[in-house]
Amino acid sequence: MPGFELLGEEEKQQILDVLSRGVLFRYEFDRERGGVYKTAEFEDAFAQRTGAKYALAVSSGTAALKVALAALGIGPGDEVITQGFTFVATWETILDSGATPVFVEIDDTLCMDPEDLKKKITPRTKAIIPVHMLGGMADISPIMTVAGEAGIPVIEDTAQACGGTLNGKALGTFGTFGTFSFDSVKTITTGEGGMVITDDEAFYFNASEYHDHGHDHDPTVGRGLEKRRFFGMNYRMMELQGAMGLAQLNKLDEILTRQRANKAALRQALETVPGVAFRRLPDPSGDTATFLSFFLPSEEQAGTFNTAMAEHNAGCIYFFENSWHYYRKWEHLIEKKTVTQSGWPFIGAHGSERLEYPQDALPNSDAIMCRTLVIPISNFMDEEIAKIKKAVKKAAKVL
Ligand SMILES: *Cc1c(COP(=O)(O)O)cnc(C)c1O
């Protein structure tokens, strides 16, 4: 995951360039900034890298989801489908848009199960958000087929898989929108930041205007005289982030190369453990390799193995118990906890009920997650790899 490991001279030069021009705002001040627009440059570079027609930089990956939902016209009364294994931001933004999140199972890709997706579509479904979890890809082709047959737009939450591809095509470019995060622990980082990509001109303009208070960005008039088609918000990226993004994007291939090599070394060690199976990747060559995810045959064996790994200082992440990424542990969703007195967004206007979220709603996901262990991959981990390899050898004996 961590682009922060490669922060260096390139980022420093980019930041200093912005400071020397003295303009932190992404728009206007053409004379003062000497015609240099870092955020716009980052957008162009990102569009080129992914092959998308349009890229819009925003203030976070959460903002990217919010902007994409708004651009599609999602609101109260609509249902938006996502998976029960994702970061909370995915459903937070659905709730915040006024729509109702509907959760589907994951399968052995650790991403959306297309079969369960089919079952959960209703006449109110207005968008589907598959999430490319833990650096790998969802089985996006059957998901797109199901969505296409129902005529429902797809937003690919690609926050965890920047740089990933499926059969040579960038993740994030299969759906109507792809969204990305550049927060401080993502594959490339701008501290906080995100990106929305699309090939659809009309939806791009919706997104671009919504993310900037409705400004229509008319190049023939000054910003103060611009008009608006609808109200918006402020989800803008600033120039320091755009500059960082340019430097980090240049390092993306280096990051992927390092992570893939490190992941391959660890995978090799785990392949020798009886009973271990790996997460299914529809196209292994397009994996960003930020995590190595594997299954033990049972919950009990996953626990035994991980305890032994931890005894050798190489404990794995057990997302089944992780409160930020797995449905079963989202007590604030399940118990409808909110800061508002009215109960919004869990309770609708005039006390109307919205969906219930029983903790046991995703039995197939539970059955997979309780057996799943995950090792995070970084750029520089030679010593770490040696330590993990030793631990794997010892832990294999307790199975
Ligand atoms: C990180 C993340 C987000 C949110 O991105 P931020 O930039 O932290 O707001 C959304 N979805 C997923 C799957 C993420 O991992």
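These numbers come from a predicted model, not from an experiment. Numbering of ligands and ligand atoms starts at 1, following listing order.
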*Any atoms of ligand 1 less than 4.0 Å from a non-hydrogen atom of Lys186? List them with their elements.*
1 (C), 2 (C), 14 (C), 15 (O)
_Are Phe346 and Ile74 linked, directly or through intermediate hydrophobic residues, by side-chain heavy-atom contacts shorter than 4.5 Å (ILVMFWY only)?_
no
*asked:* Just to verify, what does Glu9 make a side-chain hydrogen bond (donor to acceptor under 3.5 Å, both in side chains) with, not counting sequence neighbours?
replied: Lys12
*Mind telling me whether Phe319 and His325 have parallel, tilted or perpendicular rings, with 30° and 60° as the class edges?*
perpendicular
*Contacting atoms of ligand 1, where contact means under 4.0 angstrom from a heavy atom of Ser181*: 1 (C), 5 (O), 6 (P), 7 (O), 8 (O)
_Using the side-chain hydrogen bond (donor to acceptor under 3.5 Å, both in side chains) criterion, which residues pair with Arg371? Sequence neighbours excluded._
none
*Proximal ligand 1 atoms for Ser60, defined as those under 4.0 Å from one of its heavy atoms*: 7 (O), 9 (O)
*Ligand-residue contact atoms, ligand 1 with Asp183, heavy atoms, under 4.0 Å*: 1 (C), 6 (P), 7 (O), 8 (O)
*Donor-acceptor under 3.5 Å (Glu79 side chain, Thr122 main chain)*: no
*Using a strict cut-off of 4.0 Å, indicate which atoms of ligand 1 neighbour a heavy atom of Thr86.*
13 (C)
*Heavy atom under 4.0 Å from ligand 1: found in Asp157's side chain, backbone, both, or neither?*
side chain
*Please work out which of the three classes, parallel, tilted or perpendicular, describes the rings of His217 and His215, given edges at 30° and 60°.*
parallel
*Consider every N or O of Val131 and every N or O of ligand 1, then say whether any pair is closer than 3.5 Å.*
no
*Identify which of Ala159, Ala89, Gly194 has a heavy atom lying nearest to atom 14 (C) of ligand 1.*
Ala159
